Structure formats: structure tokens, C-alpha cells
Amino acid sequence: MSDHQTLYAAFAEKIDAVLSALEMEGTLPPETDRSNVSVEPPRDPAHGDLATNAAMVLAKQAKSNPRALAEQIVEHLQRDAAVTSAEIAGPGFINLRLAPHSWIDELGAIAAGGDDYGKSAMGAGRRVNIEYVSANPTGPMHMGHCRGAVVGDALASLLEHAGHEVTREYYVNDAGGQVDTLARSAHLRYREALGEDIGAIPEGMYPGDYLVKVGEAAAAEFGERFVNEPEHEWLPIFRAYAVERMMDVIKADLALLGIEHDVFASEAALQAAQKPEAAEAWMREHDLVYDGVLEKPKGKTVDDWEPVELPLFRSTKFGDDQDRPIRKSDGKWTYFGADLAYHMQKAEKADALIDIWGADHAGTVKRIKAAVAALSQGEGKPIPFDVKLVQMVQLLRGGEPVKMSKRSGNFVTIADMVEEVGKDVVRFTMLTRKPEAQMDFDFAKVVEASKDNPVFYVQYAHARICSILRKAAEQDFAPSADDLSQLGEDELALIKQAAQFPREVEAAARAREPHRIAFYLYDLAAAFHAYWNLGNDDARKRIIVAQEPDLTAARLFLAVQIGQVIRNGLAILGVEAVEEL
RNA sequence: GCGCCCGUAGCUCAGUCGGAUAGAGCAUCGGAUUCCUAAUCCGGGGGCCACAGGUUCGAAUCCUGUCGGGCGCACCA
């Protein structure tokens with residue numbers, strides 16, 4: 001962890017100090033509410049390096065008008081040696097320009113921070129459990145899982161960079177009815193592997209070819225033991241066996257995307273440990289669960305609906321539309337009942353919980369939020385809990401929609417995807433859109449038009465930097481920070497862009513939006529490409545200027561630090577910073 | 001019928017706890033390469049920020065309603 005304070009944070013403190021001084025002077029009332037004061041770079045760089053809205057936000061409290069208050073703030077700020085100009089603009093913005101050495105120092109901070117530059121202590125070591133993927137263990141991962149997997153993984157990494165202690169967790173749904181279907185399908189393939197003609201895969205079974213291997217492996221492992229046994233003999237064994245094989249497949253798929261979870265939590269194990277029973281008992285004790293009858297669903301006709309008494313969780317007390325059953329009429333746990341206990345379990349070891357879900361689960365967000373709210377209320381400490389919904393990815397191939405259906409056994413897998421376009425393209429592309437908006441992913445397009453793909457643009461910037469360093473070494477130039485005063489306006493502009501990185505990490509972490517890092521990197525890469533091209537018009541603006549070794553050394557130092565920031569950003573996204581394209 | 005998400009340039013999308021003249025890429029038009037990687041750069045044209053109200057010094061951003069698209073709506077996972 002770098003203990004360096006970012007330039008923006010440093011100035012936020014300086015302005016805070018000015019406001020304190022104004023309180024002492026009586027210009028501002030004591031204990032003025034400063035929560036809306038911001039210090040940020042202005043949108044338009046022509047306005048300066050930093051802008052604060054302090055005067056506008058505080059004018060009312062000071063019983064003054066924004067411009068008059070601004071003048072008093074400016075008077076204090078001008079005493080600071082790092083401030084070369086402080087101007088009042090528009091409705092009362094204060095625009096500051098900083099002395100070049102402030103920016104050049106930041107370059108040194110990047111060098112000193114290295115791979116840690118951009119990390120923040122913001123999270124203060126809070127333990128965040130982030131659950132993502134959690135695909136049912138009934139087959140390989142397909143594109144439907146991809147976006148949530150990438151977004152979850154990048155978010156985990158982002159929060160880590162922002163000073164949280166992150167647990168990456170996968171909930172294995174190995175207790176439901178579809179796992180029985182999996183087991184039966186696997187048993188069928190097992191008999192097939194032993195030479196039986198099983199004909200067409202019956203309706204309601206998983207037809208996918210990936211089960212052939214499972215059948216073969218089972219045949220090798222069990223021999224003919226379970227061929228003629230009654231189902232109740234082999235079902236539990238095949239369930240566990242098939243789930244384990246499927247999880248092997250899923251873990252391999254995740255590895256292709258560079259994803260590795262810390263914890264795989266089994267629903268079956270949760271139930272075996274009677275966690276749902278414990279949760280129910282606790283809930284009944286607190287009058288959060290009662291036996292009641294559900295209303296008939298509206299707007300959708302259900303043929304065989306009949307009123308049944310079930311144990312219901314009072315989720316309406318916490319904003320849900322309806323109370324929700326935690327057990328089915330046969331006494332088994334509903335998915336929700338087990339999930340409730342699961343969240344209770346996660347909350348024991350975390351200060352905050354995050355779930356990443358597909359948009360098709362949107363309907364169940366309210367009930368699980370209600371459950372966590374109920375739990376944390378009972379425990380006396382509210383657990384911050386966020387469900388992030390990742391919208392559907394429409395997969396296209398040359399403009400034509402590709403159907404994804406697990407049932408038919410015909411779907412585009414993660415493995416296919418990564419093989420065709422590569423991990424970096426998949427990851428970066430999934431992060432170039434905010435996750436709550438739907439997106440199209442045209443298979444053909446990202447491959448063919450690869451040069452238009454933003455990931456290459458960013459990687460190219462990094463590769464260019466590596467290339468220039470190789471070139472420089474051939475000519476015996478090395479980067480050096482000895483005389484950075486050589487750097488001029490063009491370089492400062494680039495440094496300013498790079499210096500945003502720590503802010504971006506914090507802002508993205510606060511908003512829990514890893515895609516911001518992807519957009520930031522694109523902008524930084526653009527700034528570097530623009531800088532590079534200055535040398536095309538004017539040879540003296542190239543990074544390597546043979547006649548000027550000091551200037552060259554300083555520019556190389558700059559290039560190294562830009563490369564460092566790109567690398568650090570790509571690391572958050574889990575994308576490779578290549579040295580050559 | 002109800003709930004959640006989305007609606008910004010021809011297309012795909014950004015847009016900082018509300019801030020200054022709303023930005024990129026693609027497409028289109030015009031330029032830059034004897035030169036560190038042109039997978040790059042520079043410039044032009046292109047916008048009732050879906051619509052209508054409200055909140056305020058100030059709204060693409062917050063609130064309400066309408067329209068349009070997606071997803072989901074008994075003891076399925």
C-alpha cells in the first residue's frame with residue numbers, strides 16, 4: 001500500500017484548512033456543513049487544474065453570495081506556493097492552476113508507488129464478500145454467465161485496490177431438483193458408456209455432449225455396479241459425482257477467463273449442516289416467519305393453483321410485494337429458504353455483502369434484500385448489502401442472434417468464446433458498458449474488426465511504450481528523473497491525465513463500477529497516442545531526441561510512468577499489458 | 001395488471017454524491033507516414049439528452065407522470 005497522498009486529496013485538505021480558517025475568522029459559521037464541497041479537475045482543462053464549488057455550496061450558510069465568499073477563499077489560497085493562480089469563474093467556481101512542480105512530483109509518486117500506485121486505503125480493511133458466477137453445476141459455463149463473471153471479478157479486484165479485504169465466493173446450487181436431473185442424465189450416459197444403446201435423450205434430461213465424458217468416467221470408476229440398481233440407490237452417488245465433475249469443468253472455464261474464487265459454498269452442505277433450520281428458528285423467534293397462505297398470482301394464469309399453508313417470511317415488512325415461502329409444501333427448502341440461511345452464513349464473516357446476479361433474477365432481489373435487512377436488524381448491526389444486476393448480453397454472429405439454451409444442449413460456451421477472441425477481448429469488452437444496460441456482443445465483429453476494439457487501443461499504447469524503451473536502450477538512453485524540469489506543457493498534460501488514476505480508482509470503487517477504469521484507460525491511452533504523434537510533425541517532440549540526452553531521459557521517465565499506470569489499470573480489469581502487438 | 005433495468009449524434013456507448021459551451025468510437029468528409037510501431041494522429045459536419053411537469057442559483061443527472069424497449073412475476077433454480 002502506498003502511503004503517498006494523491007494530489008487531489010492533498011488539495012482537498014488544503015481547501016478544508018482554508019474553510020476552517022474562515023470559520024475562525026467568522027466568515028463562515030462554526031461547524032459549517034462541508035459535505036457537498038468537492039475538489040475536482042474541471043471538465044474543460046482551459047479552466048485550470050483544479051476547481052472547487054465550495055463558495056457556491058457554502059454561500060447560503062455564510063449568508064453571503066457565492067462570488068463574495070469565493071473572493072475570501074481565493075485570498076487564502078493564493079498564499080499557497082503551489083498555487084500559481086486562483087480565479088473565480090461563472091456562478092462562483094474557483095479555478096486553480098498549480099505550479100508545474102506539483103505535477104512533476106506526481107510523476108515521482110507513480111515511480112515510487114510502482115504496481116501499488118492507485119491503491120487506496122479508502123476501504124480501511126473492511127471485509128467485503130462478493131458472490132458472483134454461482135452458475136448451476138449442470139453444465140459448462142456459457143455466454144449467459146460471462147458478463148456477471150467478468151464484472152464480479154473486476155469489481156472484486158477494484159475493491160481490493162481500494163483497500164477492502166475481499167472474499168470471492170461462488171454458491172454451488174447442488175441441492176435442487178435440476179441436480180437430480182443432472183444425476184439421471186449422467187446415469188444414462190454411464191449406461192451408454194458401458195455399451196447400452198440408450199437411443200435419443202428423453203425429454204427433460206440434459207442432452208449435452210459434455211455428459212458423455214462424465215458417463216465414461218463414471219463407468220471407469222464404478223464399473224457395472226449401478227446399472228441395474230434401483231434409482232434411490234445410485235441417485236445420491238451420481239448427484240455428488242456429477243456435480244463434482246461439472247464443477248471441475250466450470251473451474252476450468254473460469255480459469256480461462258482468469259477468474260479464481262476463494263470460497264465455493266455448497267448448498268447441499270449448508271442444508272446438511274441444518275443452517276436453514278437454524279435460520280428458520282431464529283426468524284420465528286423474532287416473528288419474521290409465520291405459517292400462512294399465499295395469494296393467487298395476478299396477471300398470470302396458473303392452471304393448478306391451490307391455496308396451501310406454507311412457512312412465510314415477512315418480506316413485505318422490508319419492502320417486498322409479497323411474503324415469501326421458505327419451505328415447499330413437501331417440507332423441503334425453497335431456493336429462497338436456503339439462500340436466506342446462506343446469506344446469514346456469509347454475513348458472519350463479512351462487513352458488507354455484494355451479490356452479482358443476472359437480470360433474469362431481478363424479481364427476487366427484493367426478498368433477499370428484505371432477508372438481509374431482517375437479519376442485520378436482529379443482530380443489531382446493519383450489514384450493507386448490494387445486489388448488482390447484470391443485464392443480458394445479446395450474442396450475435398454477423399448481426400444474427402445466436403440462441404442460448406442449456407436445455408437444448410446447444411449454446412456458446414465460455415471456452416468457445418475465449419478460444420475464438422481471447423480472454424482479454426472478452427473481459428475488456430464486457431467492461432466497456434455499464435453492467436445495468438443491455439449489450440450486444442457480435443462474435444464476428446470483435447474478431448474481424450479487432451483493430452477497432454478498445455482493448456487493442458489500450459494495449460497498443462502500452463506496447464508502444466515498451467517499444468520505445470527497447471529502442472532507447474539500443475541507443476544507450478535510459479529513463480531518468482534527474483532533470484524533469486525539461487518537461488514542458490505537452491508532457492504536463494499527459495501527467496495530469498495519469499494523475500487522475502487514484503481518483504478514478506476511488507470513484508469507481510465507491511460507485512462499484514469497474515467499467516469506469518476501462519473508460520479511463522481508453523482516455524489515458526488516447527492522450528499518450530496523441531502525445532506520441534506530436535513527434536510526427538516535429539522531430540524535436542519525439543521522445544528520443546538524440547541530440548538532447550537530458551530531455552530524452554526525462555521523456556523516457558515519463559513514458560515509463562504512463563506505462564505503469566496503464567499496467568495498474570489493466571491489472572484491475574484482469575487484462576494483460578502486452579509488450580508487443 | 002405489478003415489479004426491476006434501460007432510453008444521450010445515423011450506429012454502439014461514456015458522462016464524476018446536480019456544475020461551466022453535453023463527450024468518445026464507428027460511419028461520413030478532408031488532412032498527416034523518406035521519421036521512436038499509421039493497430040496511430042489532426043480537423044469538419046452531425047444533438048428538443050424519449051416526452052411533459054416539478055425540486056433549485058443551476059438538471060442528461062434528483063422526484064412524479066406518460067410513451068417506447070428488455071427482464072421477471074405461486075411452494076423453479
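Because the structure is a prediction, the values reported are computed rather than measured. Throughout, a chain's letter reflects where its sequence line sits, starting with A, and its residues are numbered from 1.
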Can a side chain N or O of [X] be found less than 4.0 Å away from OP1 or OP2 on [N]?
{"X": "A/Arg327", "N": "B/rC75", "value": "no"}
{"X": "A/Arg464", "N": "B/rA38", "value": "yes"}
{"X": "A/Trp532", "N": "B/rA38", "value": "yes"}
{"X": "A/Lys434", "N": "B/rU16", "value": "no"}

Indicate, yes or no, whether a donor-acceptor pair under 3.5 Å links the base of B/rG70 to the side chain of A/Gln391. no
Return the value, rounded to whole Å, for the distance between atom [atom1] of [X] and atom [atom2] of [N].
{"X": "A/Lys366", "N": "B/rC2", "atom1": "NZ", "atom2": "P", "result": "13 Å"}
{"X": "A/Asp424", "N": "B/rA39", "atom1": "CG", "atom2": "C1'", "result": "15 Å"}
{"X": "A/Ile88", "N": "B/rA20", "atom1": "CD1", "atom2": "C1'", "result": "15 Å"}
{"X": "A/Asn536", "N": "B/rG31", "atom1": "CG", "atom2": "C1'", "result": "13 Å"}
{"X": "A/His529", "N": "B/rC41", "atom1": "NE2", "atom2": "P", "result": "6 Å"}
{"X": "A/Ile468", "N": "B/rA38", "atom1": "CD1", "atom2": "P", "result": "10 Å"}
{"X": "A/Glu506", "N": "B/rU16", "atom1": "CD", "atom2": "P", "result": "17 Å"}
{"X": "A/Asp538", "N": "B/rC36", "atom1": "CG", "atom2": "C1'", "result": "14 Å"}

Should the pair A/Arg324 and A/Phe336 be classed as cation-pi, given the thresholds of under 6.0 Å to the six-membered ring centre and 45° from the axis?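 Output no; distance or angle outside limits.
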Distance between the [atom1] atoms of [N] and [M], in whole angstroms?
{"N": "B/rA50", "M": "B/rA60", "atom1": "P", "answer": "10 Å"}
{"N": "B/rG23", "M": "B/rC63", "atom1": "P", "answer": "25 Å"}
{"N": "B/rC11", "M": "B/rC17", "atom1": "P", "answer": "29 Å"}
{"N": "B/rU40", "M": "B/rC57", "atom1": "C1'", "answer": "45 Å"}
{"N": "B/rU28", "M": "B/rG46", "atom1": "C1'", "answer": "9 Å"}

Interatomic distance, [X] atom [atom1] to [Y] atom [atom2] [nearest 0.5 angstrom]:
{"X": "A/Phe456", "Y": "A/Leu581", "atom1": "CZ", "atom2": "CG", "answer": "7.5 Å"}
{"X": "A/Thr52", "Y": "A/Ile94", "atom1": "OG1", "atom2": "CD1", "answer": "6.0 Å"}
{"X": "A/Ile15", "Y": "A/Arg34", "atom1": "CD1", "atom2": "CZ", "answer": "11.5 Å"}
{"X": "A/Asp49", "Y": "A/Asn95", "atom1": "CG", "atom2": "CG", "answer": "9.5 Å"}
{"X": "A/Glu576", "Y": "A/His462", "atom1": "CD", "atom2": "NE2", "answer": "10.5 Å"}
{"X": "A/Phe428", "Y": "A/Leu570", "atom1": "CZ", "atom2": "CG", "answer": "6.5 Å"}

Intra- and interstrand pairs of RNA chain B - dot-bracket, Watson-Crick/G-U under 3.5 Å, | marks other strand: (((((((..((((.....[...)))).(((((.......))))).....(((((..]....))))))))))))....
Students often get this wrong, so: under 4.0 angstrom with heavy atoms, is [X] touching a base, only sugar-phosphate, or nothing?
{"X": "A/Thr334", "result": "sugar-phosphate"}
{"X": "A/Glu309", "result": "nothing"}
{"X": "A/Met56", "result": "base"}
{"X": "A/Ala59", "result": "nothing"}
{"X": "A/Pro42", "result": "base"}
{"X": "A/Ala51", "result": "base"}
{"X": "A/Glu436", "result": "sugar-phosphate"}
{"X": "A/Ile543", "result": "base"}
{"X": "A/Ala359", "result": "sugar-phosphate"}
{"X": "A/Val37", "result": "base"}
{"X": "A/Leu389", "result": "sugar-phosphate"}
{"X": "A/Glu580", "result": "base"}
{"X": "A/Arg324", "result": "nothing"}
{"X": "A/Ala530", "result": "sugar-phosphate"}

Assuming nearest nucleotide by heavy-atom distance, tell me which of A/Asn95 and A/Glu504 is located more 5' along RNA chain B.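 Its nucleotide being nearer the 5' end, the pick is A/Glu504.
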If you assign each of A/Phe519 and A/Phe336 to its closest nucleotide in RNA chain B, which residue comes earlier from the 5' end?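 Of the two residues, A/Phe519 wins.
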Report, one pair per line, the protein and nucleotides 22-29 of chain B atoms (nitrogen or oxygen only) whose separation is under 3.5 Å.
none

Using the six-membered ring wherever Trp is involved, compare the ring planes of A/Phe519 and A/His515 and label them parallel, tilted or perpendicular (cut-offs 30° and 60°).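 Rings of A/Phe519 and A/His515: perpendicular, over 60°.
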Aromatic contact, A/Phe385 with A/His343 (centres under 6.0 Å): yes
Give every donor-acceptor pair under 3.5 Å between a side-chain atom in residues 524-537 of chain A and any protein atom, sequence neighbours left out.
residue: A/His529; atom: ND1; partner: A/Arg464; partner atom: NH1; Å: 3.0
residue: A/His529; atom: NE2; partner: A/Tyr457; partner atom: O; Å: 3.2
residue: A/Tyr531; atom: OH; partner: A/Glu491; partner atom: OE2; Å: 2.7
residue: A/Asn533; atom: OD1; partner: A/Asn536; partner atom: ND2; Å: 2.6
residue: A/Asn533; atom: ND2; partner: A/His529; partner atom: O; Å: 2.9

Could you give me the CA-CA distance, side-chain angles and deciding distance for A/Lys346 and A/Glu131, then say whether salt bridge (Lys or Arg N to Asp or Glu O under 4.0 Å) is met? CA-CA 10 Å; A/Lys346 283 196 290 188; A/Glu131 182 209 325; 2.7 Å; yes
With centres under 5.5 Å and planes under 30°, do A/Phe93 and B/rG19 count as stacked?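 Stacking between A/Phe93 and B/rG19: absent.
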Just wondering, do A/His361 and B/rG72 stack (centres under 5.5 Å, planes under 30°)?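 Answer is no, no stack.
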